[in-house]
Amino acid sequence: MKKRILLSLSLLVLLIAAVIAAILFSSNSSTKKETAQSAHEKTAQSNKNAALLKDLPDAKRSDWELVLVSRASPQPEMNPDLATVGNIQVDQRIVKSTEQFLAAAQKISPAEHLISGYRSVAYQNTLYEGYIKDEMEGHGTVNTDGSTISREQAIKNVQTYSQPPESSEHNTGLAIDMSDIDSLNESTVAQQVAELAPDYGFVLRFPKDKKSTTGVDYEDWHFRYVGVENAKYMTTHHLTLEEYRSLLPD
């Protein structure tokens, strides 16, 4: 009887040991797999970073055409030297580029036109507050059914298509709104226009899949001047201004 008990205990111990060994082996294999995967991801990211830096333009974050204005990086009134292009004003340094970009876009669609350019902080505040009021009263761009909503919700609505004062790129004189229609994100030629923009130093500032870095939803009408070399690099590597600036020295 004792022999049977001892034999049973021995088998139980062996079984427990086997289970523990199996668990340890599985855990070790999983750890090795995760480590290998992590190493692979780091290598891939390293290769991507190397590719990005390989042909990086000789630019700095402090360059005038790369100034950043956003909700995350607000700027006071910048008072750029202005010149008129059609019905808008822009920084005088980008007049020729704006004219050429517009002309090229009009070859795609004769209906392409400039909607907005430079806006002072004071004027941006007037627009912004007007948009909030419209949204609260139910005849805004998002809230269109006549129902009243809170100011807080109205601000959330407005910030899908307009920025608060000191947070709008229009304060720089380097941003233009241009489209073939006067409705948001409904242009039928937006992609073609965005593709030729870098030839004239402009980029589509708020692409569809980059809200996580820009903080702004897709805008098919908003273009930003950054210079030809910068614009082509940003477009080739699918970078926003925020992402591009992070690669540059001060």
Between Ser187 and Asp220, does the side chain to side chain donor-acceptor pair (under 3.5 Å) criterion hold? Intermediate values first, please.
CA-CA 7 Å; Ser187 171; Asp220 71 357; 4.8 Å; no

Could you walk me through whether Phe101 and Phe202 satisfy the ring-ring contact (aromatic ring centres under 6.0 Å, His included) test, starting with their C-alpha distance in whole Å, then the side-chain angles of each, then the deciding distance to 0.1 Å, before giving a yes or no?
CA-CA 8 Å; Phe101 181 29; Phe202 288 88; 5.0 Å; yes

Worked check of side chain to side chain donor-acceptor pair (under 3.5 Å) between Glu135 and Asn143:
CA-CA 5 Å; Glu135 291 289 340; Asn143 184 26; 5.1 Å; no

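- Linking ILVMFWY side-chain heavy atoms closer than 4.5 Å, directly or via other members, places Ile88 and Leu82 in two distinct hydrophobic clusters.
- Side-chain atoms of Asp63 come within 3.5 Å of backbone atoms of Lys60 as a donor-acceptor pair (strictly under, hydrogens ignored).
- Taking all atoms of both residues into account, the shortest heavy-atom contact from His170 to Gly117 is ND1-O, 2.6 Å.
- Between Val216 and Gln163 there is a side-chain heavy-atom pair separated by less than 4.5 Å.
- Residue Asn87 places its CG atom among more than 12 non-hydrogen atoms of other residues, nucleotides or ligands, all under 6.0 Å distant.
- Cluster membership check: Tyr200 does not share its hydrophobic cluster with Ile115, using side-chain heavy-atom separations under 4.5 Å among Ile, Leu, Val, Met, Phe, Trp and Tyr.
- Taking hydrophobic clusters as Ile, Leu, Val, Met, Phe, Trp and Tyr residues chained together by side-chain heavy-atom distances below 4.5 Å, Tyr131 shares a cluster with Tyr123.
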Full working for side chain to side chain donor-acceptor pair (under 3.5 Å) between Asn185 and Tyr218
CA-CA 8 Å; Asn185 294 333; Tyr218 172 59; 5.1 Å; no

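- With a 4.5 Å cut-off on side-chain heavy atoms, His113 and Asp182 count as touching.
- Glu129 places none of its side-chain heavy atoms less than 4.5 Å from the side chain of Thr126.
- When side chains are defined from C-beta on, Pro164 counts as touching Gln159, because their heavy atoms get closer than 4.5 Å.
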Where do Ser70 and Gln75 land on the side chain to side chain contact (heavy atoms under 4.5 Å, CB included) test, with the steps shown first?
CA-CA 8 Å; Ser70 66; Gln75 297 285 345; over 6 Å; no

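- Expressed to the nearest 0.5 Å, how far CH2 of Trp64 lies from CG of Asp91 amounts to 5.5 Å.
- Shortest non-hydrogen contact noted between Ala59 and Asn230 is CB-OD1, 3.6 Å.
- In this structure, Gly215 and Arg71 approach most closely via the heavy-atom pair O-NH2, 2.8 Å.
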Verify side chain to side chain contact (heavy atoms under 4.5 Å, CB included) between Met234 and Val226, making sure each step is shown before the conclusion.
CA-CA 9 Å; Met234 290 168 64; Val226 293; 4.0 Å; yes

Residues Lys210, Glu243; criterion salt bridge (Lys or Arg N to Asp or Glu O under 4.0 Å); working and verdict
CA-CA 10 Å; Lys210 292 289 189 173; Glu243 292 170 325; 3.0 Å; yes

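- Contact between Pro165 and Asn125 at its shortest, heavy atoms only, is CG-OD1, 3.4 Å.
- The two residues Glu112 and Val189 make their nearest non-hydrogen contact at OE2-CG2, 3.3 Å.
- The main-chain N or O of Leu66 is found under 3.5 Å from a side-chain atom of Arg245 such that the two form a donor-acceptor pair.
- Atoms OG and CD, on Ser116 and Gln89 in that order, are 10.5 Å from each other to the nearest 0.5 Å.
- Side chains of Leu241 and Glu169 form a contact here, defined as non-hydrogen atoms less than 4.5 Å apart.
- Side chains of Leu239 and Leu247 form a contact here, defined as non-hydrogen atoms less than 4.5 Å apart.
- Side-chain heavy atoms closer than 4.5 Å link hydrophobic residues (I, L, V, M, F, W, Y) into clusters, and following such links, even through other members, never connects Ile149 to Val158.
- Within the model, atoms NZ of Lys208 and CD of Gln191 stand 7.5 Å from one another, a figure rounded to the nearest 0.5 Å.
- Side-chain heavy atoms closer than 4.5 Å link hydrophobic residues (I, L, V, M, F, W, Y) into clusters, and following such links, even through other members, never connects Phe206 to Val203.
- Closest non-hydrogen pair, Val121 versus Glu77, comes out as N-OE1, 2.8 Å.
- The backbone N or O of Val69 lies less than 3.5 Å from no partner atom in the side chain of Ser73, so there is not a single donor-acceptor pair.
- Asp180 contributes atom CG, which lies 10.0 Å from atom CD1 of Ile108 (distance to the nearest 0.5 angstrom).
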Show your reasoning for whether side chain to side chain contact (heavy atoms under 4.5 Å, CB included) applies to Leu204 and Arg224.
CA-CA 7 Å; Leu204 184 68; Arg224 164 62 192 270; over 6 Å; no

Go through it in stages, so that I can follow the logic: the residues are Val193 and Met178, the test is side chain to side chain contact (heavy atoms under 4.5 Å, CB included), and I'd like the CA-CA distance, side-chain angles, deciding distance and then a yes or no.
CA-CA 10 Å; Val193 173; Met178 185 173 73; 4.0 Å; yes

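- Contact check for Arg61 versus Pro249: no side-chain heavy atoms found under the 4.5 Å cut-off.
- Among residues at least two apart or in separate chains, salt bridge (Lys or Arg N to Asp or Glu O under 4.0 Å) pairs with a member in residues 185-200 are Asp199-Lys232.
- Asp145 and His139 share no donor-acceptor pair across their side chains, judged by distance under 3.5 Å alone.
- How far OH of Tyr161 is from CH2 of Trp221: 10.0 Å, rounded to the nearest 0.5 Å.
- Residues Leu174 and Val90 fail the side-chain proximity criterion, which asks for heavy atoms closer than 4.5 Å.
- Distance check: Phe223 CZ to Leu102 CG gives 11.0 Å after rounding to the nearest 0.5 Å.
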Between Glu242 and Arg205, does a salt bridge (Lys or Arg N to Asp or Glu O under 4.0 Å) hold up when you go through it step by step?
CA-CA 10 Å; Glu242 286 83 357; Arg205 181 65 175 91; 2.8 Å; yes

